[in-house]
Amino acid sequence: MRKLLLAGIAVAMMATPAFAANYRFVIVPKAMNNPFFDFARDGCLKRAKELGNIECIYKGPVEHEPATQAQIIQDFVTQKVDGLAISVADVAAMTKSIEAATAAGIPVITFDADAPGSKRIAYIGTNNKEFGVALGKELLKLRPDGGKYAMVSGGPGAKNLAERVDGVREALKGSKWTEVAGSPTFCNDDPALAVQQMTDMRTATPDLAAIVPIGGWPMFAPEGFKAFASRNKKDIDSGKFTLVVADTLKMQLELLRDGYANALVGQRPFEMGEKAMDTLLAIKKGEKVPEIVYTGLDLVTKDNVAQMLK
């Protein structure tokens with residue numbers, strides 16, 4: 001009996017956090033298999049540790065599944081957490097989830113992907129229209145002669161991705177670039193599918209001059225992306241085929257350094273995670289917070305990739 005009692009005490013001690021957090025804030029990504037969100041998680045954990053009175057909880061669907069994301073949020077509403085930061089996978093679904101959380105007295109902000117018509121208090125992340133414009137301008141700078149291009153997107157219900165698509169088109173409007181039929185494709189944040197879609201587009205349109213993934217998905221499968229780029233390396237090196245890709249994770253920087261892409265335009269997910277904790281804490285303290293916080297972009301080419309990798 002004494003052994004059982006001691007064992008029970010040991011388990012209880014292991015389950016108890018090192019400090020009693022005043023607030024439990026949750027960061028909900030679109031998909032936990034997307035390495036982009038790992039950086040938002042790391043920023044959240046770092047800032048929570050610095051603040052000392054916050055527990056950062058990171059949980060979302062394993063894959064891009066808006067219905068699962070909505071269920072996870074409902075579970076946290078039931079648990080009565082102190083705040084939610086959500087990367088919105090589907091605006092319609094998340095607008096309802098945000099309303100339910102708000103009705104339960106839980107403050108909600110969005111990060112990375114917004115739902116501006118909802119009851120969220122603030123958005124932290126990229127200006128996605130400007131992000132798309134930056135991708136398009138980089139392609140135009142690299143290839144002013146133009147040609148046929150295609151885009152790869154993630155989920156069709158994500159407003160942030162639709163804004164990036166619009167931005168690319170705006171930047172290339174009036175130029176010698178023309179978008180092919182069937183663009184953008186939607187990979188639903190699946191890296192392997194994104195690579196396959198790039199392969200299919202290149203096969204369907206042999207004179208395709210550029211592909212612009214508006215998220216880093218194909219590069220998140222680095223070996224698959226490298227295989228695709230290797231098959232097209234001669235055209236990439238000669239300037240006949242150009243790859244301008246969103247995001248600047250380490251694996252992507254290494255692929256750019258090694259000549260498998262022409263340019264990257266990156267976001268700052270680590271900073272999104274940090275600022276999410278600051279913003280939710282300020283809301284709980286009754287402080288006024290900015291409705292929009294843009295975290296900026298980074299442009300990377302072969303000229304500065306070594307610096308970015310340091």
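A quick note: this is a predicted structure, and the numbers were derived from the prediction, not measured.
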Measure the OG-CZ distance between S87 and F36 for me, rounded to the nearest 0.5 Å.
-> 7.5 Å
Quick one: pull up CD in E271 and OG1 in T295 and give me the separation to the nearest 0.5 Å.
-> 5.5 Å
Using only atom types and a distance under 3.5 Å, with no angle test, would you say the side chain of [X] pairs donor to acceptor with the backbone of [Y]?
X: N262; Y: L243; answer: yes
X: R47; Y: M277; answer: no
X: E254; Y: M251; answer: no
X: T199; Y: V195; answer: yes
X: T126; Y: N128; answer: no
X: Y294; Y: L297; answer: no
X: Q252; Y: L264; answer: no
X: E138; Y: V245; answer: no
X: Q267; Y: G296; answer: no
X: D90; Y: T95; answer: no

Pair [X] + [Y], salt bridge at N-O below 4.0 Å:
X: D207; Y: K148; answer: yes
X: R120; Y: E291; answer: yes
X: D298; Y: R268; answer: yes
X: E170; Y: K129; answer: yes
X: D42; Y: K46; answer: no
X: D38; Y: R41; answer: yes

State, yes or no, whether a side-chain contact exists between V212 and L139 at a heavy-atom distance under 4.5 Å.
-> yes
Side-chain contact, heavy-atom cut-off 4.5 Å: Y23 with L280?
-> no
Are there more than 12 heavy atoms of other residues, nucleotides or ligands under 6.0 Å from atom NZ of K59?
-> no
Indicate if F111 and I106 have the same hydrophobic cluster label, given that clusters are the connected sets of ILVMFWY residues with side-chain heavy-atom separations under 4.5 angstrom.
-> no
Hey, any chance F25 and V28 share a hydrophobic cluster, counting ILVMFWY side chains that come within less than 4.5 Å of each other, even indirectly?
-> no
Between Q196 and D200, does any side-chain donor sit less than 3.5 Å from a side-chain acceptor?
-> yes
Any side-chain donor-acceptor pair under 3.5 Å between W217 and D190?
-> no
Is the NZ or CZ atom of R202 both under 6.0 Å from the centre of the six-membered ring of F228 and within 45° of that ring's axis?
-> no
